[in-house]
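Comments concern the structure below.
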There are 2 protein chains.
Amino acid sequence: MHKTNERCIFCKIINKSIPNAIVYEDDKFLVFLDRYPINYGHTLVIPKDHFDNILEMPINLVGEIHSLVPQIAKAVITTIGGNGFNVSQNNGKSANQIIPHVHVHIVPRFLAEKIKGQWPTRRIANIEDLKNLAERIKMNIGNIE
Amino acid sequence: MHKTNERCIFCKIINKSIPNAIVYEDDKFLVFLDRYPINYGHTLVIPKDHFDNILEMPINLVGEIHSLVPQIAKAVITTIGGNGFNVSQNNGKSANQIIPHVHVHIVPRFLAEKIKGQWPTRRIANIEDLKNLAERIKMNIGNIE
C-alpha cells in the first residue's frame, strides 16, 4: 500500500482511477505522458508514495527516481526524434509547482524550436494520441537498471 | 584523476584554475554558486568527471548527484529564507544547455516574486558577495548522506 493523499490528482493516477498514458511502471515509480504538455513527448516521472516535495522524500528515493530519468529520456528522445531535453522538478508554489506531489518533468526539445528552454503556455493533449505515443516509447525502453 | 575536458570552464572550476564560491565538495561532486544567477542563492551541483549530458553519465552517478540536491537545497533555502526552489538540468543546445558539462541548477524562489518559475535574464554576481554567501550556506549543511 502506498502513502496516499486522497485529494491528490497524481495519487488518483497511481490508483488508476483517472486514465492516463503510462510509459513505465514499477513498485515505486510511475511514468506517464503529461496531459498538458509544453512540448511533444513531455513526460512525468513520479514516486508512488505521496510526498509534497523532495525535502520530504527519503534521500535514497530522490536518487532512485533520478536514476530512472536518463533511461526514460533516452527512450522518449529516440521515439520522437528530439535533439535534447530539460529535466525539471519544482518545489513549492513560489517555484511554480502546480501539483503538490513530487514529479520530475522530462521535456523534449528540438533544434528547430525558437523557444529554447522556455516554458510556454501548455495545451491540452488528446488522451488517445498520448496512449499511442506511450506505446511507441515503451518499445524503446530497454531493461531498466 | 578526473575525466577532464580541457576546453570546459566547469573542469577549470573543478581544477581550481578559476576562482569560485564553493559550497560543498567531495571526491565526486562540486557545489558552487552560479556567477550568473537568475535568483539570489542560485547554486550548481556538478560531477567532477566531465560528461556532456546525463545520457553519457553512469546511471548510478545520476542518482548520486540528485541525492545531494535536496541536502544542498535545504541549506540554501534555510540560509536565504526562500519559499521554494526549482531543480533544473538541461541536456543539449536545444534545451538551452550553455556549458556542456552536466550541471544541476538549484534556483531558490520567493513568494513575493512575480516571475514564478520563469528563467529571466541573468545578471553578473560579485565574486566576493558569492563567497560570503557560500560560507553562510556551508554552515547550514549538516552531515551529507
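Below, read A as the first sequence line, B as the second, and so on, with proteins coming before strands; counting in each chain starts at 1. Given the structure is predicted, the values throughout are model-derived calculations rather than measurements.
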Next item on the list: Give, for atom CZ of B/Phe85 and atom CG of A/Asn90, the distance between the pair rounded to the nearest 0.5 Å.
Entry: 10.0 Å

Next item on the list: For residues B/Gln89 and A/Asn86, determine if any side-chain heavy atom of one lies less than 4.5 Å from a side-chain heavy atom of the other.
Entry: no

Next item on the list: Specify which of A/Pro70, A/Pro58, A/Gly92 makes the most heavy-atom pairs with chain B at under 4.5 Å.
Entry: A/Pro70

Next item on the list: Pick one of side chain, backbone, both or neither for A/Gln97, based on which atoms fall under 4.5 Å of a heavy atom in chain B.
Entry: neither

Notebook entry, point to check: Would B/Phe51 and A/Leu68 show up in the same hydrophobic cluster when neighbours are defined by side-chain heavy atoms closer than 4.5 Å?
Noted result: yes

Margin query: Taking the side chain as everything from C-beta on, heavy atoms only, tell me whether B/Asn91 gets closer than 4.5 Å to A/Val87.
Written below: yes

Check: Counting only heavy atoms not in B/Lys74, do more than 12 fall under 6.0 Å of its NZ?
Finding: no

Item checked: Transitive ILVMFWY side-chain link A/Val76 to B/Met57, under 4.5 Å -> yes

Note to self: Please report the interatomic distance CD(A/Glu64) to CD1(B/Ile59), rounded to the nearest 0.5 Å.
What the structure shows: 13.0 Å

Notebook entry, point to check: Given the rule that I, L, V, M, F, W and Y join up when any side-chain heavy atoms are under 4.5 Å apart, are B/Val45 and A/Leu61 in one cluster?
Noted result: yes

Notebook entry, point to check: CG of A/Asn60 to CD of B/Glu145: how many Å apart, nearest 0.5 Å?
Noted result: 8.0 Å

Next item on the list: Report yes if the side chains of B/Ser67 and A/Val62 come closer than 4.5 Å at any heavy-atom pair, otherwise no.
Entry: no

Check: Should B/Leu33 and B/Ile18 be counted in the same cluster of Ile, Leu, Val, Met, Phe, Trp and Tyr side chains packed under 4.5 Å apart?
Finding: no

Next item on the list: Supply the atom-to-atom distance B/Gln71 CD to A/Leu55 CG, rounded to the nearest 0.5 angstrom.
Entry: 10.5 Å

Margin query: For the CD1 atom on A/Ile9, are there more than 12 heavy atoms of other groups (residues, nucleotides or ligands in this structure) within a distance under 6.0 Å?
Written below: no

Item checked: Main-chain N/O of B/Gly84 paired to A/Ser94 side chain as donor or acceptor, under 3.5 Å -> yes

Note to self: Is there a path of hydrophobic side-chain contacts, each under 4.5 Å between heavy atoms, that joins A/Phe32 and A/Val69?
What the structure shows: no

